[in-house]
Amino acid sequence: MDYKIIYELVRQIPRGRVATYGQIARLARWGRRARHVGWAMHACPDDVPWHRVINSKGEISRRASSDHHELQRLLLEAEGVRFDHRSRVDLERFSWER
DNA sequence: GAAGTGACAAGGT
DNA sequence: CACCTTGCCACTT
């Protein structure tokens with residue numbers, strides 16, 4: 001498979017915006033392989049803003065180690081993305097529109 | 001090669 | 001809004 005497409009797209013997410021896995025999957029014409037976008041992120045090259053990719057609920061998905069999702073939130077907040085009291089992003093305002 | 005797993009999504013309740 | 005169920009498919013046992 002070619003995860004390059006995914007990385008290209010993620011790289012295009014502007015600062016202060018976020019995208020969902022499904023959104024990336026659709027843009028990459030991966031159909032319903034949203035799940036694998038996450039897998040692609042697992043190999044995330046350093047120049048990919050992986051923190052701007054979250055799940056469809058606006059929540060930060062966590063991997064095995066818990067410290068990383070803290071970092072992800074900090075990075076996003078540093079870019080101006082606001083979280084509500086439930087640690088969720090208002091996708092209406094912050095989702096990346098192509 | 002079968003079964004289990006996962007940084008998910010959409011639709012129903 | 002929250003929770004549950006189902007579909008998905010590459011990757012790992």
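Only a predicted model underlies this, so the values are computations on that prediction, with no experimental measurement involved.
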Participant: In whole Å, what is the span from the NZ atom of A:Lys57 to the C1' atom of C:dC3?
Facilitator: 9 Å
Participant: Do A:Tyr3 and A:Ile13 sit in one hydrophobic cluster, given that two such residues count as connected whenever their side-chain heavy atoms are within less than 4.5 Å of each other, even indirectly?
Facilitator: yes
Participant: Please determine whether a side-chain nitrogen or oxygen atom of A:Arg86 lies at a distance below 4.0 Å from atom OP1 or OP2 of C:dA2.
Facilitator: yes
Participant: Could you tell me how far apart A:Met41 (CE) and C:dA10 (C1') are, to the nearest whole angstrom?
Facilitator: 15 Å
Participant: Is it true that the side chains of A:Ser95 and A:Arg17 contain a donor and an acceptor less than 3.5 Å apart?
Facilitator: no
Participant: May I ask you to check if A:Arg73 and A:Phe83 form a cation-pi contact, with NZ or CZ under 6.0 angstrom from the six-membered ring centre and within 45° of the axis?
Facilitator: yes
Participant: On DNA chain B, does the nearest nucleotide to A:Trp39 precede the nearest nucleotide to A:Thr20 from the 5' side, or the other way round? Give the residue.
Facilitator: A:Trp39
Participant: Rounded to whole Å, how long is the line connecting atom OH of A:Tyr21 with atom P of C:dC8?
Facilitator: 22 Å
Participant: Determine yes or no for a side-chain-to-main-chain donor-acceptor pair under 3.5 angstrom, with A:Glu79 supplying the side chain and A:Arg52 the backbone.
Facilitator: no
Participant: Could you tell me the separation between the NE2 atom of A:His42 and the C1' atom of B:dT5, rounded to a whole number of Å?
Facilitator: 13 Å
Participant: Below the 4.0 Å mark, does B:dA7 have OP1 or OP2 next to a side-chain nitrogen or oxygen of A:Ser61?
Facilitator: no
Participant: The side chain of A:Gln72 lies closest to which of these nucleotides: C:dA2, B:dA7, B:dA9?
Facilitator: B:dA7
Participant: Return the value, rounded to whole Å, for the distance between atom CD1 of A:Ile24 and atom C1' of B:dA9.
Facilitator: 14 Å
Participant: Taking atom P of C:dC11 as reference, at what distance in whole Å does atom CH2 of A:Trp30 sit?
Facilitator: 9 Å
Participant: Using a cut-off of strictly less than 4.0 Å, decide whether A:Arg33 has a side-chain nitrogen or oxygen near OP1 or OP2 of B:dG6.
Facilitator: no
Participant: When you measure from the side chain of A:Arg26, which nucleotide among C:dC1, B:dA9, B:dA7 comes out closest?
Facilitator: B:dA9
Participant: Distance check: side-chain N/O of A:Arg32 vs OP1/OP2 of B:dG11, anything under 4.0 Å?
Facilitator: no
Participant: In whole Å, I'd like the distance from the NE2 atom of A:His36 to the C1' atom of C:dC9.
Facilitator: 4 Å
Participant: Whole angstroms only, please: what is the CD1-C1' distance between A:Ile60 and B:dA7?
Facilitator: 11 Å
Participant: State which of B:dA7, B:dA9, B:dC8 makes the closest approach to the side chain of A:Ser56.
Facilitator: B:dA9
Participant: Quick check: is A:Tyr21 connected to A:Val89 through a chain of hydrophobic side chains (ILVMFWY, heavy atoms under 4.5 Å apart)?
Facilitator: no
